[in-house]
Amino acid sequence: MESLSFHSPIGPLTIYENEGFIVRVDFSENKTTSKSPLILECKKQLDEYFQKKRKEFDLPLKPQGTKFQTDVWNTLCSIPYGECVSYKDVATMINNPKAVRAVGGANNKNPIAIIIPCHRVIGSDGKLVGYGGGIDIKINLLELEGYDCSSRSI
């Protein structure tokens with residue numbers, strides 16, 4: 001597995017590639033550098049996202065998880081840039097409307113931050129709840145995408 005750590009506008013990020021797929025992007029720094037063309041493309045696309053030049057990512061992803069988790073993560077990828085849905089909405093979208101808490105658990109286990117946009121999921125009451133990178137980063141990402149967080153409570 002190859003990886004690359006770099007500083008982004010929201011803090012350190014590390015991209016991980018394995019066998020031609022992005023398998024993880026997390027909020028860490030492990031002082032690694034990679035010349036992998038895929039990792040460099042991923043970094044380029046993330047840079048474009050932070051510069052508001054990219055709204056969708058075009059990368060081969062292979063997050064590791066259960067079938068339920070991967071169903072949730074695939075569904076998250078369909079949430080448009082700058083929009084938010086609730087955990088309940090995601091549960092309904094995967095045809096399992098009673099799985100609201102399980103959707104939250106899958107969201108929490110998302111291994112490919114930002115690219116699989118779990119930051120676009122909020123509470124049914126509109127609250128900006130939970131985010132693996134911290135609520136401040138969630139707010140930064142949503143505001144970068146033009147979502148008005150000013151009227152939302154935490």
Side-chain angles (χ1 to χ4, degrees), residues 1-66 69-70 72-87 89-90 101-154:
M1 184 174 325
E2 293 197 47
S3 62
L4 171 69
S5 291
F6 67 101
H7 286 279
S8 76
I10 58 168
L13 292 175
T14 300
I15 303 166
Y16 297 85
E17 173 197 350
N18 192 29
E19 298 178 356
F21 294 93
I22 300 299
V23 295
R24 199 163 93 214
V25 174
D26 63 33
F27 303 101
S28 70
E29 180 177 29
N30 61 16
K31 301 194 188 300
T32 60
T33 58
S34 172
K35 299 288 187 201
S36 152
L38 178 56
I39 286 182
L40 294 176
E41 177 62 22
C42 183
K43 181 186 180 304
K44 175 181 166 255
Q45 289 190 27
L46 284 166
D47 287 341
E48 290 170 349
Y49 169 81
F50 289 121
Q51 296 165 11
K52 298 184 179 186
K53 295 177 181 176
R54 175 174 291 276
K55 294 183 178 184
E56 295 178 10
F57 294 93
D58 182 24
L59 298 161
L61 306 178
K62 194 172 188 180
Q64 298 297 308
T66 66
Q69 289 170 332
T70 56
V72 169
W73 300 333
N74 288 334
T75 300
L76 297 180
C77 291
S78 71
I79 304 169
Y81 179 96
E83 294 183 22
C84 288
V85 300
S86 71
Y87 293 97
D89 293 334
V90 174
R101 287 185 187 269
V103 165
N107 228 34
N108 185 47
K109 300 280 188 213
N110 173 16
I112 306 178
I114 304 166
I115 296 168
I116 297 177
C118 58
H119 61 278
R120 296 179 188 154
V121 183
I122 60 176
S124 294
D125 58 1
K127 288 186 177 178
L128 302 174
V129 294
Y131 189 63
I135 200 72
D136 290 341
I137 290 177
K138 180 175 188 150
I139 291 168
N140 284 338
L141 293 171
L142 291 173
E143 289 180 344
L144 172 82
E145 294 182 11
Y147 188 80
D148 181 11
C149 297
S150 63
S151 64
R152 305 290 177 174
S153 59
I154 299 171

Q: Got a second to check how far Ile139's CD1 is from Ile10's CD1, nearest 0.5 Å?
A: 12.5 Å
Q: If you round to the nearest 0.5 Å, how far is SG of Cys77 from CG of Leu61?
A: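 Answer for the CG-SG pair, Leu61 versus Cys77, is 6.5 Å.
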Q: Measure the spacing between CG of Leu13 and CG of Asp47 and express it to the nearest 0.5 Å.
A: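 Those atoms lie 9.5 Å apart.
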Q: I want to check something: taking the side chain as every heavy atom from C-beta on, are Glu41 and Leu59 in contact at a cut-off of under 4.5 Å?
A: yes
Q: Using a 4.5 Å cut-off on heavy atoms from C-beta on, say whether the side chain of Pro37 contacts that of Leu40.
A: no
Q: Evaluate the criterion salt bridge (charged side-chain N to carboxylate O under 4.0 Å, His left out) for residue pair Glu145 and Lys52; output intermediate values, then yes/no.
A: CA-CA 8 Å; Glu145 294 182 11; Lys52 298 184 179 186; over 6 Å; no
Q: Kindly indicate whether the side chain of Ile122, heavy atoms from C-beta on, has any atom under 4.5 Å from the side chain of Lys127.
A: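 Side-chain contact under 4.5 Å: no.
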Q: Identify, with sequence neighbours excluded, every residue that meets salt bridge (charged side-chain N to carboxylate O under 4.0 Å, His left out) alongside Glu29.
A: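 Result, salt bridge (charged side-chain N to carboxylate O under 4.0 Å, His left out) vs Glu29: none returned.
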Q: Identify the heavy atoms of Leu38 and Pro60 that sit nearest to each other, and give their distance.
A: CD1-CD, 3.7 Å
Q: Report yes if the side chains of Met1 and Val23 come closer than 4.5 Å at any heavy-atom pair, otherwise no.
A: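 Yes, their side chains come closer than 4.5 Å.
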Q: Who are the side chain to side chain contact (heavy atoms under 4.5 Å, CB included) partners of Glu19, not counting sequence neighbours?
A: none
Q: Supply the atom-to-atom distance Arg24 CZ to Ile115 CD1, rounded to the nearest 0.5 angstrom.
A: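 Between Arg24 CZ and Ile115 CD1, I get 13.0 Å after rounding to 0.5 Å.
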Q: Measure the spacing between CG of Asn140 and CG of Leu144 and express it to the nearest 0.5 Å.
A: 8.5 Å
Q: State, to 0.1 Å, how close Cys118 and Asn110 come at their nearest heavy-atom pair, and which atoms those are.
A: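 Taking Cys118 first and Asn110 second, the nearest heavy atoms are SG-ND2, 3.2 Å.
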Q: Ignoring hydrogens, what is the shortest heavy-atom contact between Leu142 and Cys84? Give both atom names and the distance.
A: CD2-SG, 3.5 Å
Q: Please verify the inter-ring angle class for Tyr49 with Tyr81; under 30° counts as parallel, over 60° as perpendicular, anything in between as tilted.
A: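 Geometry flag for Tyr81 against Tyr49: perpendicular rings.
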Q: List the atom of Ser8, the atom of Phe50, and the distance in Å for their closest heavy-atom pair.
A: CB-CE1, 3.7 Å
Q: What are the two closest non-hydrogen atoms of Glu2 and Ser36, and how far apart are they?
A: OE1-CB, 3.7 Å
Q: With a 4.5 Å heavy-atom cut-off, do Phe6 and Ile15 have their side chains touching?
A: yes
Q: Looking only at atom types and distance, does a side-chain atom of Trp73 sit under 3.5 Å from a main-chain N or O of Ala106, one as donor and one as acceptor?
A: yes
Q: Can any side-chain N or O of Asn74 pair as donor or acceptor with the backbone N or O of Thr70 at less than 3.5 Å?
A: yes
Q: What's the spacing between His119 NE2 and Ile114 CD1 if we round to 0.5 Å?
A: 7.5 Å
Q: Would a distance-only check, ignoring hydrogens and angles, find a side-chain to backbone donor-acceptor pair under 3.5 Å from Gln45 to Cys42?
A: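 Flag not set: sc Gln45 to bb Cys42 has no pair under 3.5 Å.
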Q: Got a sec, which residues hit side chain to side chain contact (heavy atoms under 4.5 Å, CB included) with Thr14, two or more places apart in sequence or on another chain?
A: Ser3, Ser5, Tyr16, Asp26, Ser28, Asn30, Thr32
Q: Give a yes or no on whether the backbone of Val129 and the side-chain of Lys138 come within a donor-acceptor separation of less than 3.5 Å.
A: yes
Q: Are Arg54 and Glu48 ion-paired here, with the side-chain N under 4.0 Å from a carboxylate O?
A: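 Looking at Glu48 together with Arg54, the answer is yes, because their closest N to O distance falls below 4.0 Å.
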